[in-house]
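Before any comments, here is the structure.
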Protein chains: 2
Amino acid sequence: MSGGAGGGKRDRYVQPSVLMALLEGSSYGYELIQKLSDFGFMRGDAPPGMVYRHLRQMEEEGMVSSQWDAEGTGPARRNYTITDQGRETLEAWIVFMERQAEAMLAFVERYRNFSAKD
Amino acid sequence: MSGGAGGGKRDRYVQPSVLMALLEGSSYGYELIQKLSDFGFMRGDAPPGMVYRHLRQMEEEGMVSSQWDAEGTGPARRNYTITDQGRETLEAWIVFMERQAEAMLAFVERYRNFSAKD
DNA sequence: AACACATATATCCTTTAAGCACATACGTCA
DNA sequence: TGACGTATGTGCTTAAAGGATATATGTGTT
């Protein structure tokens, strides 16, 4: 896709998606990678490095907190929980997304209207 | 902005906005800067450097073509026209935006539904 | 025991994009 | 002449994403 629209690279909304997934229940990186694809913002799985990077940064900023979970089988997991500040950030994302979605739909309509009168 | 949603930095959709503005009629950088704010993707004017950078890059990629216009008063303008390839790219952006808007609205609804059942 | 495999986390390096300040130049009007 | 509005650009720095790779644990297989 030469100069391809959206490109599927930006606008993947990893941060709000992680916050939403954690709002619905605490989780950990590896599991989140799979859950993120359900939000429809990316094709295929999110690159692991990106998810872990976001999680660590979000913890630094106080949106999530984590603790090691060595229960069960396999390697230990770092289990993440959303914080009150994370909930506030998610709320702000919701407001932003509503505004953004509205702008996009208006944009699309403007295009259709223009194309129609050719 | 500490973890601020959207941040207002990314997702400004300069490229599709420029293409749309040019679809409706040829224009030039300085004028486009003002028109871009109408699309609702940014607060205030787009930074000039960004717009000119996009225009030159889009010309390299064949989405727009330009010619100097020294008519009228003031400094000469580089007047841009959308090309067929630009129209194709815009069409791809439209498809992308519809999908993206849908995903965002679903995201918002998912949030509201979850919050409602607390 | 050796090996492959799924799970799980993390770091490194490079490229890409944005932010922001600044430089240049023309014409008008006080 | 000097400030201001118009108009186009460049340069430097930071922020984010991409993608490859490293590490480690437990399970199942031969």
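This one's a predicted model, so the numbers in the text were calculated from it and none came from an experiment. Order of the sequence lines sets the chain letters (A, B, ...), proteins ahead of strands, with each chain counted from 1.
- One interatomic measurement links the two molecules: CG of A/Leu55 to C1' of D/dA17, which rounds to 16 Å at whole-angstrom precision.
- In this structure, the nucleotide among D/dG5, C/dG19, C/dT7 sitting nearest to the side chain of B/Pro75 is D/dG5.
- Across the protein-nucleic acid pair, A/Phe41 atom CZ and D/dA17 atom P stand 14 Å apart, rounded to whole Å.
- Residue A/Arg77 places its side chain closer to C/dT9 than to any other of D/dT8, C/dT11, C/dT9.
- Between the side chain of B/Thr83 and the backbone N or O of B/Gly62 there is at least one donor-acceptor pair closer than 3.5 Å.
- Under 3.5 Å, the side chains of B/Glu91 and A/Tyr111 contain a donor-acceptor pair of N or O atoms.
- The side chain of A/Trp68 sits closest to C/dT9 out of C/dT9, D/dT10, D/dT8.
- A side-chain donor-acceptor contact under 3.5 Å links A/Ser37 to the backbone of A/Gln34.
- For B/Tyr52, whose side chain is taken as the heavy atoms from C-beta onward, the closest listed nucleotide among C/dG19, D/dT8, C/dA8 is D/dT8.
- Both B/Gly49 and B/Gln57 sit near DNA chain C, but only B/Gln57 has its closest nucleotide nearer the 5' end.
- Across the protein-nucleic acid pair, B/Glu31 atom CD and D/dG9 atom P stand 15 Å apart, rounded to whole Å.
- Taking only side-chain nitrogens and oxygens, A/Tyr30 never comes nearer than 4.0 Å to OP1 or OP2 of C/dT9.
- Salt-bridge check for B/Glu24 with A/Arg110: passed, with a basic side-chain N closer than 4.0 Å to an acidic carboxylate O.
- Dashed line: the shortest gap from a side-chain N or O of A/Arg12 to OP1 or OP2 of D/dA16 is not under 4.0 Å.
- Each of D/dG18, D/dT8, C/dT11 was ranked by its minimum atom distance to the side chain of A/Met50; first place goes to D/dG18.
- Distance from the side chain of B/Tyr28 is smallest to D/dA7 among D/dA7, D/dG9, C/dT28.
- In this structure, of D/dG18, C/dT9, D/dA7, it is D/dG18 that holds the atom nearest to the side chain of A/Arg53.
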